[in-house]
2 protein chains.
Amino acid sequence: MYSRRMAGVKMSGGVEWAVHCCVVLSQADGPVPAQRLAEFHGISRTYLAKHLQHLSRAGLVTSTEGRIGGYVLTRPAGEISVLDVVLAIEGREPAFRCTEIRQNGPLPASPAACRRACGVARAMHAAERAWRDSLGAVTIADLGEGVLEDAGPDTFVHLREWLGT
Amino acid sequence: MYSRRMAGVKMSGGVEWAVHCCVVLSQADGPVPAQRLAEFHGISRTYLAKHLQHLSRAGLVTSTEGRIGGYVLTRPAGEISVLDVVLAIEGREPAFRCTEIRQNGPLPASPAACRRACGVARAMHAAERAWRDSLGAVTIADLGEGVLEDAGPDTFVHLREWLGT
DNA sequence: CTAATCGCGGATAACACCTATCCGCGTTCA
DNA sequence: TGAACGCGGATAGGTGTTATCCGCGATTAG
């Protein structure tokens, strides 16, 4: 079940789930349990719970335990970027890690030459910075507005009704 | 041996090897065999060979078989971007793949609303575009110049001497 | 008080991909 | 002919992703 074979190669599929959940949370009136979020998106409840725990540990959401518990955003949706969510799920480590192979072999780079990072690493890190800047410029609130544009102004009204069920 | 635990999480470690190899090839006078490239960088010969085959299939290098065979860049180093190498090794598929979970659950998005790509997907793809643009702006020739700045003007002279050995 | 609901963390397992090696094949050249 | 070389397939260990289940503690409705 739920064998969707999400991203496959590189980005964890849980990122997509987490971002969509944040959009839902931004439109909810109270705490929304993982059960409800999973049901709404038609995805695995147990696995989504793992990702929500990551969001909790990253400080993006607070969880209330007990009978009517669930998740609530800790900040206004306009102050939570897509990058925040991605980093919470995927981790904060850069995708590219330089192994300094320039220091290997018969003609290793001198320590003096290694004062600056390797040119390859500089290019990779600059690209990642551009990627992060782009994701950091989009907020959960922006995504919510996009949904309204695409699906109509009543969309979140219906969502709130269903959440209240 | 060679248990370097390269990138770890996301980007294939072979990318780093491949880019460095392209820089070396850009400074070589003739075909350079995989054996030589691996020895120069202090990395696994058999595994590097696999990555070089990817570069060959992507059209970035041509391989000459036989006794004095090896690899040669197909284009001037100024016309080969780091992005070209990354795509050749990692594949051309985007890191983020939208699974359209907005069409799931009790309140699925209407077909009309799905004429545009999902807002989450749009943000992710825009970020990847920024990443690719950044990598596409750096060429192998740029990296070669960077090496000269860091390691001195004689670096590639020594490299060519060693390759001629 | 009890039971149901809920988040949390650990254990577990299937699966895919990355890393790495080895082999046989065909090619080229001394 | 033999040595060096690229190519493709087979193989295998390691790691990360995906997914599920369990017990625990917390909270609240009845």
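Bear in mind that the values here come from a model prediction, so they are computed numbers and not experimental data. Naming: A, B, ... by sequence-line order, numbering from 1 per chain.
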Does B:E128 use its side chain to pair, donor to acceptor, with the backbone of B:F96 at less than 3.5 Å?
yes

Measure from the side chain of [X], starting at C-beta and using heavy atoms only, and say which of [options] lies closest.
| X | options | answer |
| --- | --- | --- |
| B:K50 | D:dG9, C:dC8, D:dT28 | D:dG9 |
| B:Y47 | C:dT21, D:dT17, D:dC5 | C:dT21 |
| B:E65 | D:dG6, C:dC8, C:dC6 | D:dG6 |

Using a cut-off of less than 4.0 Å, is there contact between a side-chain N or O of B:S44 and OP1 or OP2 of C:dT21?
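Yes.
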
Can you tell me if A:S56 touches the phosphate of C:dC8, counting only side-chain N or O atoms and a distance under 4.0 Å to OP1 or OP2?
yes

Can you check the B:L55 CG to D:dG6 P distance for me, whole Å?
13 Å

Looking for any heavy atom pair under 4.0 Å, which part of the strands does A:R57 touch: base, sugar-phosphate only, or nothing?
sugar-phosphate

Contact class for A:A34 (heavy atom, under 4.0 Å): base, sugar-phosphate, or nothing?
sugar-phosphate

Lys/Arg-Asp/Glu bridge criterion (N-O < 4.0 Å) met for B:D154, B:R160:
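Salt bridge between B:D154 and B:R160, a charged N being under 4.0 Å from a carboxylate O: no.
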
So B:F40 and B:W162, would you call those rings parallel, tilted or perpendicular, with 30° and 60° as cut-offs?
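If you compare the ring of B:F40 with that of B:W162, the planes turn out tilted.
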
For A:S63 and B:H51, find the nucleotide of DNA chain C closest to each by heavy atoms; which residue's nucleotide sits nearer the 5' end?
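Comparing both residues, the 5'-ward one is A:S63.
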
B:T46 or A:T64, whichever maps to the more 5' nucleotide of DNA chain C:
A:T64

